[in-house]
Amino acid sequence: MAKVISIHSFRGGTGKSNTTANVAAVLAAGGARVAIVDTDIQSPGIHVLFGMDDRPEPTLNDYLWGKVGIRDAAHDVTDRIRRIATVADGGALHLVPSSIRPGDIARVLRDGYDVAALNDGLRTLARELELDYLFIDTHPGMNEETLLSITISDILIVILRPDRQDFQGTAVTIDVARRLDVPELFIVLNKVPDGVDRDHLRDQMTEAYGAETIAMMPLSELLVRNGSAELFSLAVPDHPWSQAIRIIATRVAST
């Protein structure tokens with residue numbers, strides 16, 4: 001049975017999608033069968049990291065509106081990994097993108113969608129693709145689909161920056177996750193500047209949230225210059241940010 005991992009942040013701009021894509025790619029390169037579902041339907045973008053710039057079709061929207069099956073909306077993006085890294089036998093990565101068409105986004109904002117259908121689709125996808133890991137790239141903040149993602153997750157990874165607004169919002173997310181009895185809850189700090197006392201920062205996270213901080217990812221100008229053009233952790237594997245990605249992947253695999 002697939003392990004379901006939701007990666008969430010209370011606010012946008014934390015690097016959530018970039019982290020999701022890279023952790024999933026590292027696991028797939030190691031020989032796992034992995035899929036990512038972009039449930040950030042209001043502001044999708046993870047598809048760009050896999051070179052899908054030209055309005056990917058079909059999408060999660062098409063599945064939710066009954067136009068295609070969920071398997072039809074799952075694009076095999078394993079070759080995107082093979083361009084820059086070796087993929088072990090059996091490894092595969094699929095992506096279910098959300099539509100970037102303005103009309104489709106407007107329809108979601110206006111009418112919403114059937115969250116139960118999303119739940120059914122995720123289970124079907126895991127079964128039909130024989131997945132080891134199913135990653136859900138969530139919409140920031142709290143809404144109905146985010147609550148669903150948290151509810152069905154085996155692991156919830158909450159990403160935040162060392163910023164007071166992020167700290168406060170993350171407390172809300174952690175509280176909700178605990179009320180929903182998420183089996184495993186981890187914290188990832190991203191965009192940590194040089195010179196910060198990381199031990200002190202980790203102690204702050206533990207005291208504030210009572211959850212384990214599994215990685216601290218540096219603020220990196222090189223990563224910013226990459227501009228989502230490549231899976232950075234595979235293209236620059238020795239970079240400290242990439243090393244943090246592998247730490248997250250290892251923890252997901254061992255939990």
Side-chain angles (χ1 to χ4, degrees), residues 1-9 15-40 46 49-50 60 63 70-71 73-78 80-81 85 87-97 115-139 145-159 173-174 176-188 190 209 211-215 217 231 233-234 244-255:
M1 181 177 291
K3 188 180 295 183
V4 179
I5 305 100
S6 286
I7 299 189
H8 184 66
S9 62
K16 172 178 59 63
S17 295
N18 205 2
T19 301
T20 303
N22 277 271
V23 172
V26 166
L27 288 167
R33 295 187 58 80
V34 187
I36 304 169
V37 179
D38 185 1
T39 65
D40 190 359
I46 197 171
L49 286 150
F50 296 98
L60 178 63
Y63 162 71
I70 189 68
R71 176 66 181 84
H75 301 254
D76 189 338
V77 293
T78 314
R80 187 70 175 179
I81 303 175
V87 177
D89 289 346
L93 180 58
H94 289 78
L95 171 66
V96 179
V115 175
L118 175 59
N119 187 24
D120 292 342
L122 295 174
R123 296 181 185 281
T124 299
L125 189 69
R127 183 178 65 254
E128 293 189 355
L129 291 179
E130 299 179 335
L131 296 177
D132 298 305
Y133 304 100
L134 173 60
F135 283 84
I136 304 174
D137 184 21
T138 67
H139 182 65
E145 58 264 30
T146 298
L147 292 175
L148 168 67
S149 299
I150 292 174
T151 301
I152 67 173
S153 296
D154 299 300
I155 300 172
L156 173 65
I157 299 175
V158 181
I159 299 182
T173 303
I174 298 294
V176 169
R178 289 213 166 95
R179 292 172 186 269
L180 295 174
D181 295 325
V182 175
E184 297 289 347
L185 174 62
F186 298 132
I187 301 289
V188 169
N190 196 14
Y209 307 126
E212 180 184 355
T213 300
I214 59 171
M217 308 169 76
L231 292 163
S233 64
L234 300 181
I245 287 290
R246 289 197 294 277
I247 289 170
I248 298 169
T250 298
R251 192 54 189 275
V252 165
S254 65
T255 299

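Residues: numbered from 1 along the sequence shown. Below, all heavy atoms of this structure are taken into account, side chains as well, without hydrogens, waters or symmetry copies.
Side-chain contact between I187 and I174: present, with at least one pair of heavy atoms (C-beta onward) separated by less than 4.5 Å. Contact of the T20 side chain with the I136 side chain is not registered, since no non-hydrogen atoms from C-beta on lie closer than 4.5 Å. Between I155 and R251, every side-chain heavy-atom pair lies at or beyond the 4.5 Å cut-off. Residues L93 and R80 are not in side-chain contact: their nearest non-hydrogen atoms beyond the backbone lie 4.5 Å or more apart. The shortest side-chain heavy-atom distance between V158 and Y209 does not fall under the 4.5 Å cut-off. In this structure the side chain of I157 never reaches within 4.5 angstrom of the side chain of F135, judged on heavy atoms. Residues I7 and V188 are not in side-chain contact: their nearest non-hydrogen atoms beyond the backbone lie 4.5 Å or more apart. Looking at heavy atoms from C-beta onward, I46 lies out of side-chain contact with D40 at the 4.5 angstrom threshold.
Residues D137 and S17 come closest through the heavy atom pair OD2-OG, 2.7 Å. The two residues T78 and G91 come nearest to each other via the heavy atoms CG2-O, 3.9 Å. Between A32 and Y133, the shortest heavy-atom distance links the atoms CB-CE1, 3.7 Å. Scanning all heavy atoms of the two residues, the minimum distance from A177 to L156 falls at CB-CD2, 3.6 Å. Heavy-atom minimum distance, A28 versus V34: N-CG2, 3.9 Å. Listed here is the closest heavy atom pair of V182 and S153: CG1-O, 4.4 Å.
Between the side chain of R33 and the main chain of L129, a donor-acceptor pair closer than 3.5 Å is present. Y63 places no side-chain N or O within 3.5 Å of a backbone atom of A73 that could act as its donor or acceptor partner. Listed for the S9 side chain is no donor-acceptor partner under 3.5 Å among the backbone atoms of I159. At distances below 3.5 Å, not a single donor-acceptor pair connects side-chain atoms of K3 with backbone N or O atoms of D154. Put simply, the side chain of S6 gets close to the backbone of S149: a donor and an acceptor are under 3.5 Å apart.
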- Message: As a quick check of understanding, evaluate side chain to side chain contact (heavy atoms under 4.5 Å, CB included) for D38 and L60, giving each step before the final call.
- Response: CA-CA 8 Å; D38 185 1; L60 178 63; 6.0 Å; no
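Of the residues T250, V23, L231, the one that meets the side chain to side chain contact (heavy atoms under 4.5 Å, CB included) test with I245 is V23. Looking at T19, N22, N18 one by one, the single match for side-chain hydrogen bond (donor to acceptor under 3.5 Å, both in side chains) with S233 turns out to be N22.
The CD1 atom of I70 sits 13.5 Å away from atom CZ of R123, with the distance rounded to the nearest 0.5 Å. Atoms CG and CE, on L134 and M1 in that order, are 12.0 Å from each other to the nearest 0.5 Å. Taken to the nearest 0.5 Å, the CZ atom of R127 stands 12.5 Å off from the CZ atom of R71.
Heavy atoms of other residues, nucleotides or ligands lying less than 6.0 angstrom from CZ of R246 number more than 12.
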